[in-house]
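One structure is given below, encoded as structure tokens.
Start at 1 and go down the list; that is how both ligands and their atoms are numbered. Throughout, numbering of the chain's residues begins at 1 and tracks the sequence.
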Amino acid sequence: MIIRRLDEVLGTEREVSDANWNSRRLLLAADGLGFSLHDTLIRAGTSIEMQYRHHVEAVYCVEGRGSIRNLEDGAVTEIVPGTLYALDGHERHLLAAESELRLVCVFNPALTGDEVHDADGTYPPTGSV
Ligand code: 9YT
């Protein structure tokens, strides 16, 4: 069994940031579960265009307010605490944070650790970082 607390991750290599987000990676590939699990903060007022070409991702909002636009079909969904979205089709999407969003993110395959978005808003295939 793995027991881990957020404060053990903060300030370590499991805490990865870019200009718009701060991802606290509680579970990674090395933990051997087949998925990674992140407690992620999205900065208020930012919009991030992404497409995870090599992963599926589930995102569950626990704090904040924003929206997601599916750029494949234009559909916009409000995000409030209790909202889940799952990118089961590698959809290109735009995530907008009206206030700071706190999101629980699950990736399959698991991220290995230090992935950040490339210019296309994607992460490399697992094993190539
Ligand atoms: C929701 C989302 O994909 N945000 C970007 C950061 C990413 N989820 C991560 O690595 O935690």
Side-chain angles (χ1 to χ4, degrees):
M1 184 184 294
I2 299 167
I3 308 282
R4 196 163 283 145
R5 295 195 169 85
L6 180 60
D7 61 5
E8 297 167 27
V9 166
L10 300 179
T12 73
E13 66 285 346
R14 285 175 178 265
E15 185 178 19
V16 178
S17 299
D18 85 355
N20 298 330
W21 50 259
N22 175 220
S23 175
R24 295 82 63 90
R25 298 178 170 168
L26 289 151
L27 292 171
L28 285 167
D31 294 306
L33 293 165
F35 59 86
S36 57
L37 186 146
H38 318 169
D39 179 334
T40 298
L41 302 173
I42 309 289
R43 189 200 296 231
T46 61
S47 294
I48 313 171
E49 189 169 329
M50 297 173 267
Q51 184 173 24
Y52 294 117
R53 297 177 187 278
H54 311 292
H55 301 82
V56 290
E57 184 194 22
V59 177
Y60 183 66
C61 177
V62 292
E63 290 174 18
R65 182 172 208 92
S67 65
I68 180 169
R69 179 187 293 268
N70 180 341
L71 295 174
E72 312 289 337
D73 63 10
V76 178
T77 304
E78 184 180 55
I79 295 178
V80 293
T83 308
L84 166 82
Y85 67 86
L87 300 161
D88 58 345
H90 306 283
E91 295 89 345
R92 190 155 194 84
H93 60 286
L94 184 70
L95 177 66
E98 216 174 283
S99 59
E100 182 178 75
L101 289 170
R102 186 172 185 186
L103 306 172
V104 178
C105 305
V106 176
F107 279 81
N108 179 10
L111 299 198
T112 55
D114 58 357
E115 289 93 338
V116 290
H117 293 146
D118 67 12
D120 197 32
T122 199
Y123 288 151
T126 296
S128 69
V129 285

- Is it the side chain, the backbone, both or neither of Ile48 that has a heavy atom closer than 4.0 Å to ligand 1? neither
- Query: Can you name the closest pair of heavy atoms from Glu98 and Ala44 and give their distance?
  - Reply: O-CB, 4.0 Å
- Task: To the nearest 0.5 Å, tell me how far Leu37 CG sits from Arg4 CZ.
- Result: 10.5 Å
- Task: Kindly indicate, with the supporting measurements, whether the criterion side chain to side chain contact (heavy atoms under 4.5 Å, CB included) is fulfilled by His38 and Leu111.
- Result: CA-CA 10 Å; His38 318 169; Leu111 299 198; 3.4 Å; yes
- Message: For the 3.5 Å polar cut-off, considering only N or O atoms, please tell me whether His38 and ligand 1 meet it.
- Response: yes
- Glu15 and Asn22 side chains, donor-acceptor separation under 3.5 Å: yes
- So which protein heavy atom does atom 7 (C) of ligand 1 come closest to, and at what separation? Tyr123 OH, 3.3 Å
- atom 1 (C) of ligand 1 sits nearest the protein heavy atom Tyr85 OH, 3.5 Å
- Going by the order shown, which atoms of ligand 1 are within less than 4.0 Å of some heavy atom of Arg25? 9 (C), 10 (O)
- Report yes or no: do Tyr52 and His117 form a side-chain donor-acceptor pair below 3.5 Å? yes
- Task: Under 4.0 Å, heavy atoms only, figure out whether ligand 1 is touched by the backbone of Ile42, its side chain, both or neither.
- Result: side chain
- Can you list the atoms of ligand 1 that are under 4.0 Å from a heavy atom of Phe107? 8 (N)
- Task: Tell me, please: is Asn20 in heavy-atom contact with ligand 1, that is, under 4.0 Å?
- Result: no
- Query: Got a sec: does the CZ of Arg92 have more than 12 other heavy atoms crowding it under 6.0 Å?
  - Reply: yes
- Task: Flag Glu57 as yes when one of its N or O atoms lies below 3.5 Å from any N or O atom of ligand 1, and as no otherwise.
- Result: yes
- Message: Could you tell me, atom by atom, which parts of ligand 1 come under 4.0 Å of a heavy atom of Leu95?
- Response: 1 (C)
- Message: Between ligand 1 and Tyr52, is the shortest N or O to N or O distance under 3.5 Å?
- Response: yes
- Query: With distance as the sole criterion, is a donor-acceptor pair present between the side chains of Ser23 and Arg25 under 3.5 Å?
  - Reply: yes
- Message: Using a 4.0 Å cutoff against the non-hydrogen atoms of Ser23, which atoms of ligand 1 qualify?
- Response: 9 (C), 10 (O), 11 (O)
- Query: Tyr123 vs Trp21 aromatic rings, parallel, tilted or perpendicular, using cut-offs 30° and 60°?
  - Reply: perpendicular
